[in-house]
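One structure is given here, and the rest of the page talks about it.
Positions are given from 1 along the sequence.
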Amino acid sequence: MPSVPFSLRMDADIRSRLEAEARRRDRSSSWIATKAIEAYLSACDEKRHAIENALADAENGVFISSEAMNSWVEKWGTDKEDDLPEPDIPISDAK
């Protein structure tokens, strides 16, 4: 896809940090900014997709207790990190 010009205003401190990172990576400031924007938009897409999936699961009666979710989240970044917990609230209890 061809690139097109785009300008934006930013805080002077952010611009300095951007330029410093560009120098460290031997890249242009615009390349760094483009990669940051791409990462941000990808994160937004992933979040939106996760929310849509969660809503679909809820509409289908698939629920995971807050206890199971909290236990799962507490293990993030540890050597005991688990896969997403299985639904543990029966459909009849969720309504």
| Electrostatic pair Glu52:Arg48 at N-O distance under 4.0 angstrom | no
| Over 12 non-hydrogen atoms of neighbours within 6.0 angstrom of CG in Asp13 | yes
| query | Do NZ/NE/NH1/NH2 and the carboxylate oxygens of Glu19 and Arg15 come within less than 4.0 Å? | reply | yes
| message | So which atom in Lys75 and which in Lys80 form the shortest heavy-atom distance, rounded to 0.1 Å? | response | CD-O, 3.4 Å
| Gap between atom CD of Glu21 and atom CZ of Arg27 - 0.5 Å precision | 12.0 Å
| message | To check you understand the geometry: which heavy-atom pair defines the closest contact between Met10 and Ile14, and what is its length? | response | SD-CG2, 3.9 Å
| said: Can you confirm whether Leu84 sits close enough to Met69 that some side-chain heavy atom of one is under 4.5 Å from a side-chain heavy atom of the other? | reply: yes
Could you pull out every donor-acceptor pair under 3.5 Å between side chains of residues 1-9 and any protein atom, sequence neighbours left out?
none

| request: Mind checking the CD-CG spacing from Glu74 to Asp82? Nearest 0.5 Å is all I need. | output: 12.0 Å
| query | Under 6.0 Å from the CD atom of Glu38, do we count more than 12 heavy atoms belonging to anything else shown? | reply | yes
| Can you list the residues that meet the ring pair (Phe, Tyr, Trp, His ring centres under 6.0 Å) rule with Trp72, with sequence neighbours excluded? | Trp76
| message | Please check this pair: side chain of Ser71 against backbone of Ala68, looking for a donor-acceptor N/O pair closer than 3.5 Å. | response | no
When the side chains of residues 53-61 are checked against the rest of the protein, which donor-acceptor pairs come out under 3.5 Å, sequence neighbours left out?
from  : atom 1 : to    : atom 2 : distance (Å)
Asn53 : ND2    : His49 : NE2    : 3.1
Asn60 : ND2    : Ala56 : O      : 3.0

| Donor-acceptor contact present, side-chain Glu81 to main-chain Gly77, <3.5 Å | yes
| remark: Ser29 and Ala22 have their tightest heavy-atom pair at N-CB, 3.7 Å
| query | Should Ile64 and Ile89 be marked as a side chain to side chain contact (heavy atoms under 4.5 Å, CB included) after you check the CA-CA gap, both sets of side-chain angles, and the distance that decides it? | reply | CA-CA 6 Å; Ile64 300 171; Ile89 299 177; over 6 Å; no
| query | How long is the span from the CG atom in Leu18 to the OG atom in Ser30, to the nearest 0.5 Å? | reply | 8.5 Å
